[in-house]
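Notes to accompany the following structure.
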Amino acid sequence: MTDTQSPQGLPEPPPIGTSALPPDTFAGHAVVVTGGGTGLGRAIASEFARLGAAIVIASRKPEHLEQGVRAIEEIGGQVMAVGCDIREPEQIAAAFAAAEERFGLPATLVNNAAANFPVPAEDMSPNAWRTVVDITLNGTFFMAREFARRHLLAGTSASIINVGASYAWTGGPGFAHSAAAKAGVKNLTETLAVEWAPYGIRVNGLVPGLFPHEDMTADIQGNLARTSDKDECQPALRVGRLRELGWAATYLASPFAAFIAGHTLVVDGANWQRRSLTNPTVVTVRDQMGKGPFVGE
Ligand code: HXC
Ligand code: NAP
């Protein structure tokens, strides 16, 4: 960068372990985090645990569940893990039954689990499309439905946070399946917020910008590796710190956000609004991914 003003980017956040919310904000309160054993889900679960919540981690793979349990135990939080594929409504019902038996009806659901891999649209098989939409959109709805039905029957207030992505608004070249599914999640958030607010259930969205972490799938890491310097490519001149997303999630679920519903909060240092007067040269998705020409089946 040759700007003589020496842009310094957005400041670093306060250190991990600090919070703007009172330490007992979620005492006596259980939080279900899908995909809470890895990456952003684990970071979100950790911030809830620091504020006194009991954590329920729900996902498919035992090694991920174990990682999540260890992270919460290290903080000194209460935690349980439940094996659950969010594409399967029966598994979801069983997961909530187990969580309710251990901690009582969880008051917050964080729909964080999703599926994604980079692939040019013309290369994508019908099953690849179905798999991503099934996990990211259908799974989010099935989880929200089970959670809300239990609260409607109990007459209790609650909060849902659906984790999205900014290509819900812009489209996501190279990620047609995930972008379409996340657009569905954003729209679903708005519908459910209106349907369930009268019963005391708030539904909001939370969109991370670029938050690299070690659990990212090899495909996603490979795709990011082709971006030469991730910090320099962000208006903030840095990527997100995991705790920043956790703080946003805990705020949205807290009583201090009691009048916020149907909103999707973007935590990305303005990256998704980035536009240039002169756009960079177009590079096709195939070139970006290092793929040769499309030759058909
Ligand atoms: C093309 C692929 C593919 C790939 C899978 N498929 N990976 N196609 N490129 N890299 C195809 C398969 O060939 C198959 O289609 C279909 O997808 C289903 O694959 P399965 O392996 O049978 O599916 P399953 O075991 O259900 O696993 C789901 C998965 C897997 C999505 C494929 O990667 C997964 O479990 N992911 C969970 C974690 C994850 O995705 N995290 C990313 C969230 S991050 P055929 O036709 O062969 O049967 C995120 C951040 C984005 O969203 C922001 C980045 C900047
Ligand atoms: P990640 O580490 O790959 O996490 C995905 C999680 O989803 C895993 O823990 C996985 O657990 C779980 N999962 C996947 N399929 C599931 C299924 N069928 N049933 C239950 N759980 C399932 O990804 P991440 O980067 O933390 O992403 C978390 C969320 O942030 C996602 O919604 C993602 O789209 C969003 N996001 C992330 C970024 C980023 O920069 N990291 C940017 C934009 C949006 P199992 O494998 O154990 O099932």
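Here the structure is a predicted model, which is why all the values come from computation and not from measurement. Because only heavy atoms are used, hydrogens play no part in the values below, and waters and symmetry mates are left out as well, while side chains stay in. Whatever order the structure lists them in is the order used to number ligands and atoms, beginning at 1.
Counting the atoms of ligand 2 from 1 in the order shown, those under 4.0 Å from a heavy atom of Gly164 are 35 (C), 44 (C). The distance from ligand 2 to the heavy atoms of Ile135 drops below 4.0 Å at these ligand atoms: 15 (N), 16 (C), 18 (N). The contact set between ligand 2 and Met216, taken as ligand atoms under 4.0 Å from a residue heavy atom, comprises 39 (C), 40 (O), 41 (N). Taking every heavy atom of Thr38 and a limit of under 4.0 angstrom, the matching atoms of ligand 2 come to 1 (P), 2 (O), 4 (O), 6 (C), 8 (C), 9 (O). For ligand 2, the atoms closer than 4.0 angstrom to any heavy atom of Cys84 are 19 (N), 20 (C). Near Arg87, with a cut-off below 4.0 Å to any heavy atom, the atoms of ligand 2 are 18 (N).
In this model, a donor atom of one side chain and an acceptor atom of the other lie less than 3.5 Å apart for Thr108 and His29. Donor-acceptor pairing under 3.5 Å is recorded for the side chains of Thr189 and Asn162. A donor-acceptor pair shorter than 3.5 Å cannot be found between the side chains of His64 and Ser59.
When all heavy atoms of Val33 and Gly41 are compared, the closest pair comes out as CG1-O, 3.6 Å. Shortest non-hydrogen contact noted between Pro13 and Trp247 is CB-CZ3, 3.6 Å. Closest of all the heavy-atom pairs between Arg87 and Arg60 is NH2-NH1, 3.6 Å. The two residues Ala144 and Ile160 make their nearest non-hydrogen contact at CB-CD1, 4.0 Å.
Among all protein heavy atoms, the one lying closest to atom 42 (C) of ligand 2 is Gly209 O, 3.2 Å. Protein heavy atom at the shortest distance from atom 18 (N) of ligand 2 is Asp85 OD1, 2.9 Å. Atom 28 (C) of ligand 2 has as its closest protein heavy atom Asn112 OD1, 3.1 Å. The protein non-hydrogen atom at the shortest distance from atom 45 (P) of ligand 2 is His64 ND1, 3.3 Å. Distance from atom 25 (O) of ligand 2 to its nearest protein heavy atom, with residue and atom name: His213 NE2, 2.7 Å. Of all protein heavy atoms, the one closest to atom 43 (C) of ligand 2 is Pro208 O, 3.5 Å. Nearest to atom 33 (C) of ligand 2 among the protein's heavy atoms is Lys182 NZ, 3.9 Å. The protein non-hydrogen atom at the shortest distance from atom 16 (C) of ligand 2 is Arg60 NE, 3.4 Å.
Counting only non-hydrogen atoms, the option in Ala95, Ala113, Ala165 that gets closest to atom 21 (N) of ligand 2 is Ala113. Residue nearest to atom 47 (O) of ligand 2, selected from Gly35, Gly240, Ser59, Gly68: Ser59 (by heavy-atom distance). Of the listed residues (Asn162, Ile92, Thr34, Val163), the one carrying the non-hydrogen atom nearest atom 35 (C) of ligand 2 is Val163. Evaluated by nearest non-hydrogen atom to atom 19 (N) of ligand 2, the leading choice among Ile86, Thr140, Asp134 is Ile86.
No donor-acceptor pair closer than 3.5 Å links the side chain of Arg202 to the backbone N or O of Ser159. Panel note: side chain Arg241, backbone Ile16; no donor-acceptor pair is recorded below 3.5 Å. Looking at Glu47, its side chain never comes within 3.5 Å of a backbone N or O of Ile44 through a donor-acceptor pair. A donor-acceptor pair under 3.5 Å is absent between the side-chain atoms of Gln288 and the main chain of Gly174, judged by distance alone. Asp215 contributes a side-chain N or O that, together with a main-chain N or O of Gly39, makes up a donor-acceptor pair within less than 3.5 Å.
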Contact table ligand 1 N or O to protein N or O, d under 3.5 Å:
| unit_1 | atom_1 | unit_2 | atom_2 | d |
| --- | --- | --- | --- | --- |
| ligand 1 | 10 (N) | Asp219 | OD2 | 2.7 |
| ligand 1 | 15 (O) | Ser125 | OG | 3.3 |
| ligand 1 | 26 (O) | Arg87 | NH1 | 3.0 |
| ligand 1 | 26 (O) | Arg87 | NH2 | 3.2 |
| ligand 1 | 35 (O) | Arg60 | NH1 | 3.2 |
| ligand 1 | 35 (O) | Arg60 | NH2 | 2.7 |
| ligand 1 | 40 (O) | Asn116 | N | 2.9 |
| ligand 1 | 40 (O) | Asn116 | O | 3.3 |
| ligand 1 | 46 (O) | Ser125 | OG | 2.6 |
| ligand 1 | 48 (O) | Asn127 | ND2 | 2.9 |
| ligand 1 | 52 (O) | Asn116 | ND2 | 3.3 |

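Between Phe211 and ligand 2, at least one N/O pair is under 3.5 Å apart. Among the atoms of Leu40, some N or O lies under 3.5 angstrom from an N or O of ligand 2.
Look at Arg238 and Glu244 and you find a salt bridge, because one of the NZ, NE, NH1 or NH2 atoms lies within 4.0 Å of a carboxylate O, short of that distance.
The backbone and the side chain of Lys61 each have at least one atom closer than 4.0 Å to an atom of ligand 2 (non-hydrogen atoms only). Under 4.0 Å from ligand 2, not a single heavy atom of Ser166 appears.
Under the rule for a side-chain contact (heavy atoms from CB on, under 4.5 Å), the partners of Ala53 that lie at least two apart in sequence or sit in another chain are Phe26, Val31, Phe48, Ile55. For Glu100, the salt bridge (charged side-chain N to carboxylate O under 4.0 Å, His left out) test picks out Arg150, with sequence neighbours left out.
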Determine, step by step, whether Arg70 and Glu74 satisfy the salt bridge (charged side-chain N to carboxylate O under 4.0 Å, His left out) criterion, reporting the C-alpha distance in whole Å, the side-chain angles of both residues, the deciding distance to 0.1 Å, and the verdict. CA-CA 6 Å; Arg70 263 200 311 279; Glu74 276 166 21; 5.2 Å; no
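Residue contacts with ligand 2: Ser178 is excluded, as none of its non-hydrogen atoms falls under 4.0 Å. Residue contacts with ligand 2 leave out Asn116, since none of its heavy atoms falls under 4.0 Å from the ligand.
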Got a list of side-chain donor-acceptor pairs under 3.5 Å for residues 126-134, not counting sequence neighbours?
| unit_1 | atom_1 | unit_2 | atom_2 | d |
| --- | --- | --- | --- | --- |
| Thr131 | OG1 | Asn127 | O | 2.6 |
| Asp134 | OD1 | Asn138 | ND2 | 2.8 |

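Side-chain contact between Asn223 and Met289: present, with at least one pair of heavy atoms (C-beta onward) separated by less than 4.5 Å.
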